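When a ligand or atom number is given, it counts from 1 through the structure's own listing order. Everything numeric here is computed off the predicted structure, so don't read it as measured data. Quick note: numbers below take in every heavy atom, side chains included, and nothing from hydrogens, waters or symmetry partners.
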Amino acid sequence: MALRSAIINVMAMAADKAATRLVRDFGEVEHLQVSRKGPADFVSSADKKAESILRQALSKARPEYGLLMEESGETVGSDPRHRWIVDPLDGTTNFLHGIPHFCISIALERDGEIVAGVVFDPLKDELFWAERGLGAYVNDRRLRVSGRSRLPDALFATGIPFLGIQDGPGHKKFLGQLGRVMAQCSGVRRYGSAALDLAYVAAGRYDGYWENGLNAWDVAAGILLVRESGGQVSDIAGRRYQLNSPDICAGNEALHTPLRNLIREPVA
Ligand code: 2AM
Ligand code: CA
């Protein structure tokens with residue numbers, strides 16, 4: 001049985017509290033699909049409500065820590081070494097459409113490094129968590145990236161840019177990447193939550209994942225999950241992943257580089 005530290009317990013309890021509210025609102029969203037305007041305003045308020053529950057729980061446990069949150073941005077804490085990085089609802093488009101695939105992502109940064117992370121999928125009751133140097137887990141089970149080493153066996157995940165996001169050159173760049181990857185591997189998935197995509201790489205479900213143009217709160221917890229389960233995370237150019245990197249590529253040890261070679265801009 002995995003023994004969770006005090007800090008992971010704080011994060012898991014905050015996630016659980018916000019998730020209770022999110023799941024109740026998700027039930028409501030399913031009813032609102034048929035209305036002409038759809039549930040967009042309702043979802044935006046569910047997102048904000050979850051964020052405020054998380055802010056309250058995390059600030060109560062560690063009042064001196066700073067916060068970086070998707071909806072409300074940066075709150076500077078009295079302790080300059082520590083910062084929570086929070087996405088209250090990752091997979092918002094799924095939530096909005098009544099698709100049961102979304103999560104809460106919470107990371108703790110210390111001196112610029114992620115030291116603890118939690119990604120909670122309340123509908124599947126999967127709590128992915130990791131602490132630096134201590135490994136990654138889903139609920140009580142230790143995680144390990146997959147052992148696949150050949151591209152033809154590999155299943156990869158990605159995110160597809162959409163209207164208003166990386167329009168023009170970014171869309172073309174993604175289509176090039178997808179074209180090269182899909183021709184070499186056993187499948188590409190697009191499930192719409194970057195945090196869960198990284199958690200699934202950590203769990204060995206996907207062999208790798210890439211996406212362009214994400215924010216720190218989408219990936220902060222997920223990158224620690226991948227690293228603590230023996231995987232690698234870099235930007236597409238191969239530099240160690242930083243929270244402001246322009247793109248991300250994660251994978252097991254054997255397939256991280258082959259995937260990165262496929263999604264890099266080909267040399268003219
Ligand atoms: P969200 O659900 O919190 O919005 C899917 O490819 C991933 O992209 C999700 O993790 C999603 O996070 C994120 N995403 C959605 N809109 C985005 C935007 N405008 N900029 C960057 N990332 C975004
Ligand atoms: Ca997100």
Name, closest N/O/S atom of Asp218 to the Ca ion (ligand 2): OD1
Exercise check, heavy-atom protein proximity under 4.0 Å to atom 12 (O) of ligand 1: yes
Part of Phe162 with heavy atoms under 4.0 Å of ligand 1, whether side chain, backbone, both or neither: side chain
Contacting atoms of ligand 1, where contact means under 4.0 angstrom from a heavy atom of Gly192: 5 (C), 9 (C)
Ser45 and Lys49: side chain donor to acceptor below 3.5 Å: no
Atom NZ of Lys124: over 12 foreign heavy atoms under 6.0 Å: yes
Within 6.0 Å of CD in Glu253, more than 12 heavy atoms from elsewhere: no
Residue Asp218 vicinity, atoms of ligand 1 by number, heavy atom under 4.0 Å: 10 (O), 12 (O), 22 (N)
Sub-4.0 Å atoms of ligand 1 with respect to non-hydrogen atoms of Glu70: 3 (O)
Spacing of Asp197 atom CG and Trp210 atom CH2 [to the nearest 0.5 Å]: 10.5 Å
Heavy atom of protein closer than 4.0 angstrom to atom 5 (C) of ligand 1: yes
Ligand 1 contact on Thr92 by region, counting heavy-atom pairs under 4.0 Å: both
Cationic N near anionic O, under 4.0 Å, Glu113 to Arg227: no
Atom 19 (N) of ligand 1 [closest protein heavy-atom partner, distance rounded to 0.1 Å]: Ile165 CD1, 3.0 Å
Side-chain heavy-atom pair Leu22, Pro122 within 4.5 angstrom cut-off: no
Donor + acceptor pair across side chains of Ser193, His101 (<3.5 Å): no
Per-residue contact class, Ile160 against ligand 1 - non-hydrogen pairs under 4.0 Å: neither
Identity and distance of the protein heavy atom lying nearest atom 7 (C) of ligand 1: Glu211 OE2, 3.7 Å
Contact check: Asp90 to the Ca ion (ligand 2), N/O/S below 3.0 Å: yes
Transitive ILVMFWY side-chain link Ile104 to Leu96, under 4.5 Å: yes
Candidate pair Arg4 and Tyr137, rule side-chain contact (heavy atoms from CB on, under 4.5 Å), full reasoning: CA-CA 10 Å; Arg4 288 200 222 146; Tyr137 297 81; over 6 Å; no
More than 12 heavy atoms of other groups within 6.0 Å of Arg190 CZ: yes
Short N or O distance, Ser193 and ligand 1, threshold 3.5 Å exclusive: no
Atom 10 (O) of ligand 1: the protein heavy-atom neighbour that sits closest, reported with distance to 0.1 Å: Asp90 OD1, 2.6 Å
Presence of salt bridge, Arg148 and Asp207, under 4.0 angstrom: yes
Top protein contact for atom 20 (N) of ligand 1, by heavy-atom distance: Asn215 ND2, 3.9 Å
Asn94 and ligand 1 - part of the residue with a heavy-atom distance under 4.0 Å: neither
Pick from Pro88, Gly222, Ala195, Gly213: the one approaching atom 21 (C) of ligand 1 most closely through a non-hydrogen atom: Gly213
Same apolar cluster (I L V M F W Y, side chains within < 4.5 Å links), Leu67/Ile85: no
Atom name in Asp87, limited to N/O/S, at shortest distance from the Ca ion (ligand 2): OD2
Atoms in ligand 1 with a heavy atom of Ala194 nearer than 4.0 Å: 9 (C), 10 (O)
Per-atom contacts of ligand 1 with Gly91, taking only distances under 4.0 Å to non-hydrogen atoms: 1 (P), 2 (O)
Distance flag, aromatic centroids of Tyr200 and Tyr191, threshold under 6.0 Å: no
Heteroatom proximity flag, Gly159 to ligand 1, N/O under 3.5 Å: no
